[in-house]
Amino acid sequence: GYEDGSFIEMDVIDRAKGVTLQGLASVLLGSLTPGGRQAIKLISEEEAGVKHGATIMVDGTKVTKGGAAFANAEMAMAGGKWDTFRMLTHPGTAIIPAALVAAELSGASGQQFLTAVAAAYEVMERMAAEFIPTVMSRGFHAGPVFGIFGAAVAAAKLGGLNAEQIHSAI
């Protein structure tokens, strides 16, 4: 448990740390690829001049929240070290970049970050588990369909939203 009385099982904490490290490793690898470099260049040029935004990982350029999350997610995808859920979603490529941007801007603690990551995985994958067959049968890839919900939950949790506001974000 945590000192403030909240409780998350140690295996959940360990898993949240593991998927975060996996996501960071993929971003580092992806930053060396043509696709990763292209994402950095695109966002850095498009959003030049942002002073108080979020950071593009590895590169260090400050851009808008959305720009940083996009570039970081693109590097994570380009790195190819994705986690998977039922081999049809890659939650870390959406959740980890969104959570890192939100944590950076809110000044979140490690405990808050891990709680948000765990919540985001829980919501995204429960939604995906119910609808993957339907989504796939209609010709959609499950990762992008459900990744937005994981990213929204992570950012909402780190942004300090209450349950009703998180529901609205979803």
Side-chain angles (χ1 to χ4, degrees), residues 12-125 127-128 132 135 140-159 169-170:
V12 174
I13 294 169
D14 186 58
R15 186 70 179 135
K17 288 177 181 179
V19 295
T20 299
L21 289 173
Q22 182 175 3
L24 291 172
S26 199
V27 167
L28 287 170
L29 289 169
S31 72
L32 303 173
T33 67
R37 289 193 303 269
Q38 184 180 28
I40 293 169
K41 183 177 185 306
L42 170 72
I43 297 300
S44 295
E45 290 175 0
E46 187 71 26
E47 300 187 355
V50 172
K51 302 254 187 272
H52 302 290
T55 306
I56 296 177
M57 291 192 294
V58 183
D59 179 72
T61 301
K62 292 281 188 187
V63 295
T64 65
K65 295 181 282 191
F70 171 80
N72 296 338
E74 286 296 311
M75 287 187 286
M77 287 297 290
K81 302 299 178 199
W82 315 322
D83 57 352
T84 62
F85 176 74
R86 296 191 180 175
M87 299 303 295
L88 296 170
T89 68
H90 307 295
T93 59
I95 292 170
I96 301 303
L100 287 169
V101 165
E104 175 186 8
L105 295 178
S106 69
S109 68
Q111 174 183 328
Q112 291 167 320
F113 175 83
L114 293 173
T115 300
V117 167
Y121 269 80
E122 183 72 16
V123 170
M124 179 183 166
E125 298 313 331
M127 291 175 76
I132 282 176
V135 168
F140 294 96
H141 190 283
V145 171
F146 297 105
I148 58 172
F149 298 107
V153 169
K157 188 79 175 144
L158 286 161
I170 293 171

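Between Pro97 and Gly92, the shortest heavy-atom distance links the atoms CD-O, 3.2 Å. Of all heavy-atom pairs spanning Ala151 and Ala98, the tightest one is CB-CB, 3.6 Å. In terms of heavy atoms, Ser109 sits closest to Gln112 at N-OE1, 2.7 Å. Residue Ser31 comes nearest to Leu28 through the heavy atom pair OG-O, 2.7 Å, listed as atom of the first residue, atom of the second, then distance.
The side-chain hydrogen bond (donor to acceptor under 3.5 Å, both in side chains) analysis of residues 145-159, with sequence neighbours excluded, yields no pairs. Pairs passing the side-chain hydrogen bond (donor to acceptor under 3.5 Å, both in side chains) check and including a residue from residues 66-83, sequence neighbours excluded, read Asp83-Tyr121.
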Side-chain donor-acceptor pairs of residues 51-58 under 3.5 Å, sequence neighbours excluded:
from  : atom 1 : to     : atom 2 : distance (Å)
Thr55 : OG1    : Lys62  : NZ     : 3.0
Thr55 : OG1    : Glu104 : OE2    : 2.6

Going by atom type alone, with no hydrogens or angles, which donor-acceptor pairs under 3.5 Å involve a side-chain atom of residues 39-50 and a protein atom two or more places apart or on another chain?
from  : atom 1 : to    : atom 2 : distance (Å)
Lys41 : NZ     : Glu45 : OE1    : 3.4
Lys41 : NZ     : Glu45 : OE2    : 2.8
Ser44 : OG     : Ile40 : O      : 2.8
Glu47 : OE1    : Thr64 : N      : 2.8
Glu47 : OE1    : Thr64 : OG1    : 2.7
Glu47 : OE2    : Thr64 : OG1    : 3.0

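By the side chain to side chain contact (heavy atoms under 4.5 Å, CB included) test, Ala142 is found to be paired with Leu88, Thr89, Ile132, Met136, Phe146, residues two or more places apart in sequence or in another chain being considered. Ser106 pairs by the side chain to side chain donor-acceptor pair (under 3.5 Å) definition with nothing, not counting sequence neighbours. Residues that satisfy the side chain to side chain contact (heavy atoms under 4.5 Å, CB included) test with Ile170, not counting sequence neighbours, are Val123, Phe149, Val153, Ile166. Partners of Thr33 under the side chain to side chain contact (heavy atoms under 4.5 Å, CB included) rule, at least two apart in sequence or in another chain, are Ala78. With sequence neighbours excluded, the residues satisfying side chain to side chain contact (heavy atoms under 4.5 Å, CB included) with Ala154 are Ile95, Ala99, Ala120.
Panel note: side chain Ser26, backbone Gln22; no donor-acceptor pair is recorded below 3.5 Å.
With values rounded to the nearest 0.5 angstrom, Thr93 atom OG1 is found 13.0 Å from Met75 atom CE. Atoms CG and CG, from Leu158 and Leu105 in turn, are 10.0 Å apart once rounded to the nearest 0.5 Å.
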